[in-house]
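Below is one structure, written out as structure tokens; comments come after it.
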Protein chains: 2
Amino acid sequence: MRASPAFTPVSVEELLAIQSFRHGERVVEAGRAVIEESRASPQLFTLYSGWAFRFKTLSDGRRQILSFLLPGDFIGVQDEFADGQTHGVEAATVVTLCVFPRDKLWPLFNSQPRLGYDITWLAAREEKMVDDNLVTAGRRNATERVAMLLMHLYRRARRAGLERDGWVEFPFNQQHIADAIGLSLVHTNKTLRRLQQLGLHEFDNGWLRILDPKALEALGDYFERPLRPTPLI
Amino acid sequence: MRASPAFTPVSVEELLAIQSFRHGERVVEAGRAVIEESRASPQLFTLYSGWAFRFKTLSDGRRQILSFLLPGDFIGVQDEFADGQTHGVEAATVVTLCVFPRDKLWPLFNSQPRLGYDITWLAAREEKMVDDNLVTAGRRNATERVAMLLMHLYRRARRAGLERDGWVEFPFNQQHIADAIGLSLVHTNKTLRRLQQLGLHEFDNGWLRILDPKALEALGDYFERPLRPTPLI
DNA sequence: CGTTGAATTGAACACCATCAACGAATGTGG
DNA sequence: CCACATTCGTTGATGGTGTTCAATTCAACG
């Protein structure tokens with residue numbers, strides 16, 4: 001992964017610090033919890049492979065997906081300061097994770113300020129994504145929401161190197177999409193269908209292809225920007 | 001401010017580091033921009049006094065308020081990694097800010113890892129608030145949204161020590177509320193009115209009092225949790 | 001071949017947006 | 001001091017977007 005231009009280079013010393021910080025790997029099956037919503041996790045993770053997502057549920061079961069997670073994303077910083085109030089993380093595909101013990105987070109900051117800075121970088125980037133999702137849920141109509149989400153996920157997957165001939169793996173069903181953009185399942189279906197019939201995108205057996213990115217960008221009022229390389233912990 | 005139990009104690013050395021990090025104060029009038037939405041700010045801030053809020057606008061003018069800022073909040077970390085895409089910050093009252101030059105952020109992390117850790121703490125807490133707002137905009141109905149927002153702002157103000165005899169300063173008009181919870185101005189008004197007539201809360205000339213916190217908590221499915229002391233940069 | 005979960009579609013309705021109008025409070029200039 | 005403009009809160013009427021309910025299709029799988 002580190003070879004990818006999407007990630008910042010890292011010194012040998014930092015790499016060693018990351019190595020000593022980590023505490024093994026973990027594999028989670030599709031549909032299983034990486035972090036239970038009910039209790040704060042004693043671990044942090046870096047996602048190595050697969051798709052996951054963060055979510056919250058209201059007491060009557062309504063669920064909101066907060067953000068999606070791709071390889072390179074750091075999981076669990078928000079919980080460092082949880083006070084009980086937390087969110088769940090669920091694997092959407094089989095997922096492999098690098099495990100870090102939470103109580104080593106401060107020692108890591110202390111001994112490797114650069115890595116602490118990088119973690120802040122990642123946390124800030126994550127918040128910006130939630131910001132965007134909040135704009136979507138609060139101020140966009142159904143068509144705009146779907147267009148925005150499709151472009152968002154497609155771009156991120158492509159950047160994470162998951163594109164193959166224009167297709168990216170898309171392991172989400174319509175309930176996931178509905179929960180991410182704040183619509184009902186039925187209306188999500190109808191909106192998705194309409195965009196598909198307009199020829200803007202295409203699904204095939206868990207893969208997604210964008211046929212008219214400009215149209216989707218314009219519909220969603222959501223345009224790509226150049227991205228800097230991302231730190232990888 | 002540091003005397004308040006809401007904030008974590010800080011060592012003399014850290015205090016000196018904060019002092020050397022800072023770069024003066026700034027006062028912004030109510031309704032003026034602290035950070036322009038269009039361009040990334042070369043400065044970071046700690047809010048000393050007053051209310052402010054972060055927001056984003058779509059190209060046709062629809063606005064979404066992302067989160068509210070109170071004394072002690074750290075402003076601008078998200079932008080450290082902006083890539084152009086950013087958000088605005090506007091003062092809701094007269095506001096005084098402590099100014100930090102952005103290019104000293106990394107040196108601060110480097111020389112004072114503890115302060116770096118604290119900044120991450122604040123960034124993570126901020127993201128959790130945006131998470132909550134996203135659940136609101138995505139999955140709550142109008143009544144629940146208003147109830148949740150009122151309790152949220154009231155609690156935060158109280159915690160920041162802004163309560164006087166059960167009243168807290170509330171410098172927002174109904175357009176602000178509508179933009180925060182993703183409703184139209186008119187429907188926000190009607191919902192607010194209904195809750196007021198039920199005797200759940202009361203407004204008076206820019207101040208807010210909660211008359212029935214339990215009812216509002218239950219309506220919004222949004223319950224208070226014990227909070228740990230917050231770092232203050 | 002029956003079962004299950006997901007996608008799809010139609011119909012009825014509710015919630016919320018939009019439009020329009022008015023009142024109260026405040027400020028401004030003549 | 002009054003005429004006028006401006007901003008904000010309020011309310012009613014109307015309609016649309018999206019929800020809810022219900023049923024059907026379809027693919028996958030035992």
Side-chain angles (χ1 to χ4, degrees), chain A residues 29-32 51 58 60-65 90 92-93 135-150 169-198 201-208 219-220, chain B residues 29-32 58 60-65 90 92-93 136-150 169-198 201-208 219-220:
Chain A
E29 295 301 316
R32 307 299 295 270
W51 284 88
L58 294 175
D60 66 354
R62 281 174 287 179
R63 180 174 75 165
Q64 176 68 39
I65 291 182
E90 184 177 315
T93 60
V135 175
T136 296
R139 286 290 173 230
R140 280 188 244 249
N141 66 28
T143 308
E144 295 167 339
R145 293 184 200 209
V146 171
M148 186 273 191
L149 186 79
L150 290 178
E169 186 187 16
F170 193 87
F172 304 106
N173 61 28
Q174 298 186 349
Q175 186 66 62
H176 288 116
I177 302 180
D179 286 348
I181 61 185
L183 291 179
S184 71
L185 174 61
V186 173
H187 199 62
T188 300
N189 174 288
K190 287 172 181 169
T191 308
L192 223 29
R193 204 98 253 286
R194 204 169 341 110
L195 294 187
Q196 205 155 25
Q197 274 161 5
L198 289 173
H201 73 280
E202 195 179 355
F203 284 112
D204 181 45
N205 193 32
W207 289 73
L208 163 68
L219 267 180
Chain B
E29 296 301 318
R32 308 298 296 269
L58 294 175
D60 66 355
R62 281 174 287 179
R63 180 175 76 165
Q64 176 67 41
I65 290 182
E90 185 176 316
T93 61
T136 296
R139 286 291 173 231
R140 281 187 243 249
N141 66 30
T143 308
E144 295 167 338
R145 291 184 202 209
V146 170
M148 185 275 190
L149 187 79
L150 290 177
E169 186 186 15
F170 193 89
F172 304 106
N173 59 30
Q174 298 186 348
Q175 186 66 63
H176 288 117
I177 301 180
D179 287 348
I181 62 184
L183 291 179
S184 71
L185 173 61
V186 173
H187 199 63
T188 299
N189 175 288
K190 289 172 180 170
T191 308
L192 223 30
R193 205 99 252 287
R194 204 169 340 111
L195 294 187
Q196 205 155 23
Q197 275 163 2
L198 289 173
H201 72 280
E202 196 179 354
F203 283 113
D204 181 46
N205 195 33
W207 289 73
L208 164 67
L219 266 180

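Just so it is clear: chains get the letters A, B, ... in the order the sequence lines come, proteins before strands, and each one is counted from 1.
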Inset, instruction - Determine the contact category for A:Leu192: base if any of its heavy atoms lies under 4.0 Å from a base atom, sugar-phosphate if only primed atoms, P, OP1 or OP2 are that close, otherwise nothing. - result: nothing
Would you list the atom pairs, donor with acceptor, under 3.5 Å between side chains in residues 201-208 of chain B and any protein atom, with sequence neighbours excluded?
from     : atom 1 : to       : atom 2 : distance (Å)
B:Glu202 : OE1    : B:Arg209 : NE     : 3.4
B:Glu202 : OE1    : B:Arg209 : NH2    : 2.7

Inset, instruction - Quick one: list whatever passes side-chain hydrogen bond (donor to acceptor under 3.5 Å, both in side chains) with A:Arg145, sequence neighbours left out. - result: none
Inset, instruction - Could you run through nucleotides 21-26 of chain D and give me one letter per nucleotide, 5' to 3': B if any protein heavy atom sits under 4.0 Å from the base, S if only the sugar-phosphate is that close, - if neither? - result: B-----
Inset, instruction - Spell out, as yes or no, whether a donor-acceptor pair under 3.5 Å connects the side chain of A:Glu144 to the backbone of A:Asn141. - result: yes
Inset, instruction - Have a look at the helix from C:dC1-D:dG30 to C:dG30-D:dC1 and give the angle its two end axes make, five pairs each, rounded to 10 degrees. - result: 30°
Legend entry - Min side-chain heavy-atom separation A:Leu219-A:Leu195 under 4.5 Å: yes
Legend entry - Heavy-atom side-chain proximity of B:Glu169 to B:Thr93 below 4.5 angstrom: yes
Inset, instruction - Identify, with sequence neighbours excluded, every residue that meets side-chain hydrogen bond (donor to acceptor under 3.5 Å, both in side chains) alongside B:Thr188. - result: none
Inset, instruction - Would you indicate what A:Leu185 reaches in the nucleic acid, counting non-hydrogen atoms under 4.0 angstrom: base, sugar-phosphate, or nothing? - result: nothing
Inset, instruction - Look at all strands and tell whether A:Asn173 reaches a base, only sugar-phosphate, or nothing, counting heavy atoms closer than 4.0 Å. - result: sugar-phosphate
Inset, instruction - Return the 5'-most residue of the pair A:Arg145, A:Asn205 with respect to DNA chain D, ranking by each residue's nearest nucleotide. - result: A:Arg145
Inset, instruction - Considering only heavy atoms of chain B and a distance under 4.0 Å, specify the first and last nucleotide of DNA chain C in 5' to 3' order that meet this criterion. - result: C:dC16 to C:dC19
Inset, instruction - Report the C-alpha distance between A:Asp179 and B:Arg139 in whole Å, list the side-chain angles of each, state the deciding distance to 0.1 Å, and finish with yes or no for salt bridge (Lys or Arg N to Asp or Glu O under 4.0 Å). - result: CA-CA 8 Å; A:Asp179 286 348; B:Arg139 286 291 173 231; 3.0 Å; yes
Inset, instruction - Select from A:Gln174 and A:Arg139 the residue whose nearest nucleotide in DNA chain C is closer to the 5' end of that strand. - result: A:Gln174
Legend entry - Between B:His176 and B:Asn173: side-chain donor-acceptor atoms closer than 3.5 Å: yes
